[in-house]
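Whatever order the structure lists ligands and atoms in, that order sets their numbers, starting from 1. Computed from a predicted model, the values in this text were never measured in an experiment.
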Amino acid sequence: MSDWLRDVRARRVGLLVTGLAAALCLAVGLWQAVDGVVWAGVGLLAVAALLGWYEAHQLRATFRAHGLAMRGATDGLWSWDPVSKRLRVGDRLLAILGYSSNFLIDTHGWLALVHPDDRAGYNRAVARHLKGDTPFFYFEYRVRARDGSYRWIGSRGEAVRNRRGRAVLMAGSVTDVTERKETEARIRHLAYHDQLTGLANRALLDDRLALAIARARRGGRGGVAVLFIDIDRFKDVNDVHGHTVGDVLLVELARRLQACVRGSDTLVRQGGDEFIMVLPEVSWPASVAPVVAKLLEAVRQPLMAGEVELCVSASVGVSLFPDDGADAQTLLRNADTAMYDAKRSGGNVVRYFTREMNDAVRARVAIESGLRQAIARDELSLHFQPQLCIASGALVGCEALLRWRNAEGRNVPPDCFIPVAESSGQIVAIGDWVVGCALDHIVGWRAAGLSPPRVAINVSARQLAQPGFAGRLLAALAQRGLPAEVLEVEVTESVFLHPDSAALDELRQLRRNGIRLALDDFGTGYSSLSYLGVLPFDTLKIDRSFVNTIDAPDDARGDAILKATIAMSRAFDMQVLAEGVERPAQLAALQALSCDVCQGYLFSPPVDGAAFADRFLRAGPASVAEPASACQ
Ligand code: C2E
Ligand code: CA
Ligand code: CA
């Protein structure tokens with residue numbers, strides 16, 4: 001028989017004895033004819049005893065029912081006396097936890113087994129039920145088993161109360177819910193973590209960042225730093241080595257980044273090759289700069305993915321609460337903006353957000369949305385700049401250069417809008433428009449009885465990366481009945497950045513079909529003639545910045561480098577064109593070095609189609625001499 005049942009029986013027996021004693025007193029009082037006051041006292045005593053007996057009877061009935069339930073249940077059982085703090089734990093509950101059946105425990109002992117993180121919640125749930133705030137007690141918590149591991153148990157119970165509503169006993173059962181809890185944890189992990197790297201994902205980041213901001217706002221120590229980390233040229237790794245190698249790289253980078261953070265920091269994979277770090281309670285910039293330096297260094301370390309050795313770097317953008325944003329969304333956006341700036345400056349670098357960056361982003365967004373309508377609203381046009389044979393002065397070609405007069409009537413320089421068009425992908429449609437417009441000019445000039453020279457068009461790597469450019473260009477020529485020789489395609493060395501890219505196939509297709517290729521801006525990029533083995537070019541365009549140094553008094557190397565470049569171009573059977581010729585001294589030097597063709601303000605800036613026809617196509621033969629053989 002359980003203690004509490006024994007308690008009740010003892011209490012009932014006690015009350016019966018009291019009642020009998022009262023009855024005896026009554027009989028003696030009657031017999032001795034004691035006065036009325038004593039009678040009344042004795043009577044009251046008797047009534048109290050009877051009520052006590054009745055309550056004990058009721059409680060006993062409840063306990064009996066409870067006892068039956070406990071005996072019928074297969075779960076672990078427990079009972080607890082809130083007055084004496086005595087706790088009884090059933091054998092099955094002990095078995096769940098791996099303890100033997102004679103394992104004795106009191107309230108304190110039990111609490112010591114409860115997981116420290118769950119103790120407060122457990123005590124609160126018990127207290128609320130004892131107070132009568134909850135119809136029954138239910139709480140899920142971890143209890144230390146005999147082997148030191150923690151089991152999750154769901155404990156359900158109910159208090160037995162006396163007439164005044166005071167709990168005199170609490171009893172119930174527990175269920176082992178470890179498996180369900182683990183499943184739930186796994187599901188939660190999946191919802192909040194990235195499958196590939198095991199890092200937290202964006203959903204968790206939002207929670208953590210909001211929490212860090214709230215703490216900082218309540219006057220916590222320091223600010224909150226948000227680091228946006230993007231792996232440079234990750235796409236190349238995927239394209240060249242395949243996704244499996246890309247995945248190995250991401251997992252390893254995640255591990256390295258994780259090693260750079262403190263326990264209170266949050267690192268998440270935002271998706272793709274982007275990671276975000278939240279550093280709470282940082283002093284600015286003292287405690288942020290070392291973390292950034294450490295993580296840039298960690299990413300830079302070479303790593304092996306199977307047989308492949310990979311060397312990558314990262315671009316990092318940083319924003320800080322409260323200086324760079326009052327809420328999570330603004331901070332993330334500004335860190336992203338700063339990262340974009342880091343990326344644009346070549347990567348492997350950190351950029352701290354500034355307000356000017358936001359202005360740049362706004363300008364970029366305005367350009368992007370303006371460009372969307374540019375073709376439909378007829379805002380684009382082409383200007384043409386002549387290319388002249390140095391030896392003869394003959395017009396041997398012209399470069400078509402894009403112009404955009406936006407909806408507000410402002411001329412937006414190509415250096416501003418072309419990079420935006422490239423990053424937004426709009427360059428593909430714009431590039432097709434350029435091809436069509438250039439060819440239409442040729443058709444128009446020819447129809448007017450003029451003999452236009454070859455027209456060079458600029459084609460960016462992004463245009464070529466999209467398959468089909470060559471096919472569309474050739475179709476545009478055929479549609480107008482024009483031969484391939486009327487066009488030259490200018491590309492920069494950036495097309496070689498992806499060695500196996502589709503861009504080279506597009507260029508090969510063009511060349512096979514008789515379109516000339518020019519390597520633009522030579523001297524600004526890698527300036528390696530080794531590319532010429534990969535893809536033959538017809539023209540090498542020496543960049544303006546390089547031409548500028550030719551006649552600079554303090555730069556004696558200019559001539560030597562130019563001489564070597566021209567000699568090598570000859571070996572590859574290429575024509576050399578000098579861009580940006582502005583001064584007669586430059587022209588003289590180029591002539592002395594037997595450079596073939598030149599283009600620049602010295603002769604003419606780019607002008608519209610009508611002006612070009614007037615000045616260069618309709619002009620008398622004096623200004624347009626027959627091309628020398630090197631200028632064909
Ligand atoms: P780019 O291909 O190097 O074009 C030459 C640029 O130098 C042109 O600038 C031209 O106006 C300028 N220029 C020519 N001669 C001189 C000179 O003597 N001195 C100086 N200081 N500059 C000179 P623009 O027209 O502003 O074009 C800038 C860049 O925009 C071009 O550089 C090219 O990369 C790009 N671009 C222009 N049109 C197109 C296009 O249709 N498609 C693509 N993808 N890019 C284009
Ligand atoms: Ca060009
Ligand atoms: Ca150029």
N/O separation below 3.5 Å, Leu402 to ligand 1: yes
Atom indices of ligand 1 within 4.0 angstrom of Gly600 heavy atoms, with elements: 15 (N), 18 (O)
Heavy-atom donor-acceptor pair, Lys343 side chain to Ile231 backbone, under 3.5 Å: yes
Donor-acceptor pair, side chain of Gln466 and main chain of Gln463, under 3.5 angstrom: no
Check: Gln599 N/O within less than 3.5 Å of ligand 1 N/O: no
Donor-acceptor contact below 3.5 Å, side chain Glu379 vs main chain Gln373: no
Residue and atom name of the nearest protein heavy atom (relative to atom 16 (C) of ligand 1), distance in Å to one decimal: Tyr601 CE2, 3.3 Å
Gln270 backbone acceptor or donor facing Asn201 side chain under 3.5 Å: no
Contacting atoms of ligand 1, where contact means under 4.0 angstrom from a heavy atom of Val581: 18 (O)
Arg269 bridged to Glu274 by N-O distance under 4.0 Å: no
Protein heavy atom at shortest distance from atom 19 (N) of ligand 1: Glu582 OE2, 2.5 Å
Test applied, side chain to side chain contact (heavy atoms under 4.5 Å, CB included); reference residue, Leu517; option that passes from Leu535, Val491, Thr539, Val459: Leu535
From Val435, Leu401, Ile430 - option closest to atom 4 (O) of ligand 1 by heavy atom: Leu401
Pairing of Asp440 and Arg480 as salt bridge, 4.0 angstrom limit: yes
Glu422 to ligand 1, any heavy atom closer than 4.0 Å: no
Residue and atom name of the nearest protein heavy atom (relative to atom 34 (O) of ligand 1), distance in Å to one decimal: Asn458 OD1, 4.7 Å
Charged N-O contact under 4.0 Å between Arg355 and Asp359: no
Distance from atom 36 (N) of ligand 1 to nearest protein heavy atom, with residue and atom: Ile418 CD1, 3.3 Å
4.0 Å heavy-atom contact, Pro606 with ligand 1: yes
Per-atom contacts, ligand 1 versus Ser460 - under 4.0 Å to a heavy atom: 44 (N)
N or O contact, Asp520 vs ligand 1, cut-off under 3.5 Å: yes
Gln463 and ligand 1 - part of the residue with a heavy-atom distance under 4.0 Å: side chain
Enumerated ligand 1 atoms positioned under 4.0 Å from heavy atoms of Asp521: 3 (O)
Subset of ligand 1 atoms that lie under 4.0 Å from at least one heavy atom of Arg403: 11 (O), 25 (O)
Carboxylate-amine/guanidinium contact Lys541 Asp521, below 4.0 Å: no
Closest protein heavy atom to atom 24 (P) of ligand 1, given as residue, atom name and distance to 0.1 Å: Pro414 CG, 3.8 Å
Nearest candidate to atom 5 (C) of ligand 1, where distance is taken over non-hydrogen atoms, out of Lys541, Arg462, Glu579: Glu579
Electrostatic pair Glu582-Arg544, nearest N-O below 4.0 angstrom: no
Over 12 non-hydrogen atoms of neighbours within 6.0 angstrom of CG in Asp573: no
Pair Glu297 + Arg300: basic N to acidic O under 4.0 Å: yes
Minimum-distance protein heavy atom relative to atom 15 (N) of ligand 1: Gln385 NE2, 2.9 Å
Distance filter under 4.0 Å to Asp415 heavy atoms, resulting ligand 1 atoms: 28 (C), 29 (C), 30 (O)
Geometric class of the Phe612/Trp445 ring pair [parallel <30°, tilted 30-60°, perpendicular >60°]: tilted
Flag: protein heavy atom within less than 4.0 Å of atom 42 (N) of ligand 1: yes
Euclidean distance, Gln426 CD relative to Phe417 CZ, rounded to 0.5 Å: 11.0 Å
Element-labelled atoms of ligand 1 that are located less than 4.0 Å from some non-hydrogen atom of Val434: 41 (O)
Test item: Thr337 side-chain N/O and Arg333 main-chain N/O as donor-acceptor pair under 3.5 Å: yes
Salt bridge present between Glu368 and Arg364 (N-O < 4.0 angstrom): no
Side-chain donor/acceptor of Asp324 to backbone N/O of Leu331, under 3.5 Å: no
For Arg544, the ligand 1 atoms whose distance to one of its heavy atoms is below 4.0 Å: 6 (C), 7 (O), 12 (C), 13 (N), 19 (N), 20 (C), 21 (N), 22 (N), 23 (C)
Under 3.0 Å from the Ca ion (ligand 2) - protein N/O/S, by chain and number: Glu399 OE2, Asn458 OD1, Glu490 OE1, Asp520 OD2
